[in-house]
Novice: 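Before anything else, here's the structure in question.
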Amino acid sequence: MLGADTRVHDELDDELRTQCASLGLDPVRLVSPAAGSEEVRIFELWPEHQEAFEVFHACRTQWRVVAGPAGTWHQGLDFGAVDVAMRRLGIPRARQREVFLQLQVMEDEGIGVLNA
């Protein structure tokens, strides 16, 4: 079992509120629901998914986001950043295809959560 002990970098600060106001966006839609939460979430991570999880976590700030009058829309991860993360984390070239396919499953789920 692993704890999601990483700190959420999303914060509703005055600068974010000001920027969102100028664009007519709701700043609450831009931050994680876990922001500011003291709750520790426990989850199980199977060994065969460890590399994909590490890449996904490394790319947590690399979402392509479109902002417009209707709000924001997360399109998906920047694949250039995914490639860099895989190389920096030392994912063997022979495993990168499988890790990428696993990452796409997490990305699809993330899009559903972020765009809810």
Side-chain angles (χ1 to χ4, degrees):
M1 295 282 188
L2 296 176
D5 190 28
T6 57
R7 299 286 181 255
V8 176
H9 296 282
D10 299 333
E11 296 175 357
L12 280 174
D13 59 16
D14 291 336
E15 181 181 353
L16 179 61
R17 289 178 195 279
T18 302
Q19 291 174 0
C20 288
S22 69
L23 294 170
L25 301 175
D26 178 5
V28 174
R29 297 223 355 112
L30 298 178
V31 299
S32 166
S37 171
E38 296 298 321
E39 177 184 345
V40 175
R41 293 170 298 190
I42 305 297
F43 58 92
E44 183 175 358
L45 182 62
W46 294 351
E48 58 267 26
H49 299 140
Q50 178 72 35
E51 292 167 321
F53 175 81
E54 289 174 0
V55 173
F56 187 77
H57 186 261
C59 294
R60 68 189 174 277
T61 61
Q62 300 302 313
W63 287 91
R64 291 186 180 253
V65 180
V66 175
T72 59
W73 185 259
H74 289 76
Q75 292 183 315
L77 289 171
D78 181 321
F79 287 162
V82 169
D83 185 53
V84 169
M86 281 204 208
R87 286 186 280 123
R88 299 292 167 121
L89 291 170
I91 307 298
R93 188 146 177 81
R95 295 246 331 115
Q96 287 185 8
R97 182 178 190 280
E98 181 178 348
V99 170
F100 182 75
L101 293 173
Q102 292 173 350
L103 181 73
Q104 285 187 301
V105 172
M106 289 189 281
E107 178 189 38
D108 286 344
E109 291 299 317
I111 287 170
V113 170
L114 292 168
N115 290 328

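The figures here come from the full heavy-atom set of this structure, side chains too, leaving out hydrogens, waters and symmetry mates. Remember, it's a predicted structure, so these values are computed and weren't measured experimentally.
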Novice: Which salt bridge (charged side-chain N to carboxylate O under 4.0 Å, His left out) pairs, counting each pair once, include a residue from residues 45-57, with sequence neighbours left out?
Specialist: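 As it turns out, the salt bridge (charged side-chain N to carboxylate O under 4.0 Å, His left out) pairs with a partner in residues 45-57, which skip direct neighbours, are Glu51-Arg95.
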Novice: Kindly compute the distance separating CE (Met86) from CD1 (Ile91), expressed to the nearest 0.5 Å.
Specialist: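 That separation rounds to 7.0 Å.
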Novice: I'd like to know if Val65 and Met106 are part of one continuous hydrophobic network [Ile/Leu/Val/Met/Phe/Trp/Tyr, side-chain heavy atoms within less than 4.5 Å].
Specialist: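 Result: yes, single cluster for both.
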Novice: Which residues pass the side-chain contact (heavy atoms from CB on, under 4.5 Å) test with Ile111, sequence neighbours left out?
Specialist: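 For Ile111, the residues satisfying side-chain contact (heavy atoms from CB on, under 4.5 Å) (neighbours in sequence not counted) are Trp63, Glu107, Asn115.
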Novice: Side chains of Trp46 and Phe53: does their closest heavy-atom pair fall under 4.5 Å?
Specialist: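 Sidechains of Phe53 and Trp46: no contact.
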Novice: Let me check something: do Val105 and Leu103 share a hydrophobic cluster, defined by ILVMFWY side-chain heavy atoms less than 4.5 Å apart, either directly or through other members?
Specialist: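 The answer is no; the residues belong to distinct hydrophobic clusters.
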Novice: Taking only residues two or more places apart in sequence or in another chain, which ones pass salt bridge (charged side-chain N to carboxylate O under 4.0 Å, His left out) with Glu109?
Specialist: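 Glu109: no salt bridge (charged side-chain N to carboxylate O under 4.0 Å, His left out) contacts found.
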Novice: Sequence neighbours left out, what passes side-chain contact (heavy atoms from CB on, under 4.5 Å) with Arg64? Give chain and number order.
Specialist: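 side-chain contact (heavy atoms from CB on, under 4.5 Å) list for Arg64, sorted by chain: Gln75, Asp78.
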Novice: Between Cys59 and Leu77, which heavy-atom pair has the shortest distance, and what is it?
Specialist: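 Residues Cys59 and Leu77, closest heavy atoms: O-CD2, 3.6 Å.
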Novice: Could you list all the salt bridge (charged side-chain N to carboxylate O under 4.0 Å, His left out) pairs where at least one residue sits in residues 85-94, not counting sequence neighbours?
Specialist: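 Pairs touching residues 85-94 that pass the test: Asp83-Arg87.
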Novice: Quick one: list whatever passes ring pair (Phe, Tyr, Trp, His ring centres under 6.0 Å) with Phe56, sequence neighbours left out.
Specialist: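 Once residues adjacent in sequence are excluded, Phe56 has no partner under the ring pair (Phe, Tyr, Trp, His ring centres under 6.0 Å) criterion.
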Novice: Kindly work out whether a path of hydrophobic side-chain contacts (I/L/V/M/F/W/Y, heavy atoms less than 4.5 Å apart) joins Val55 to Phe100.
Specialist: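 Yes, same cluster.
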Novice: Could you grab the distance from atom NE2 of His57 to atom CG of Leu89, nearest 0.5 Å is fine?
Specialist: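 Here the interatomic distance stands at 11.0 Å.
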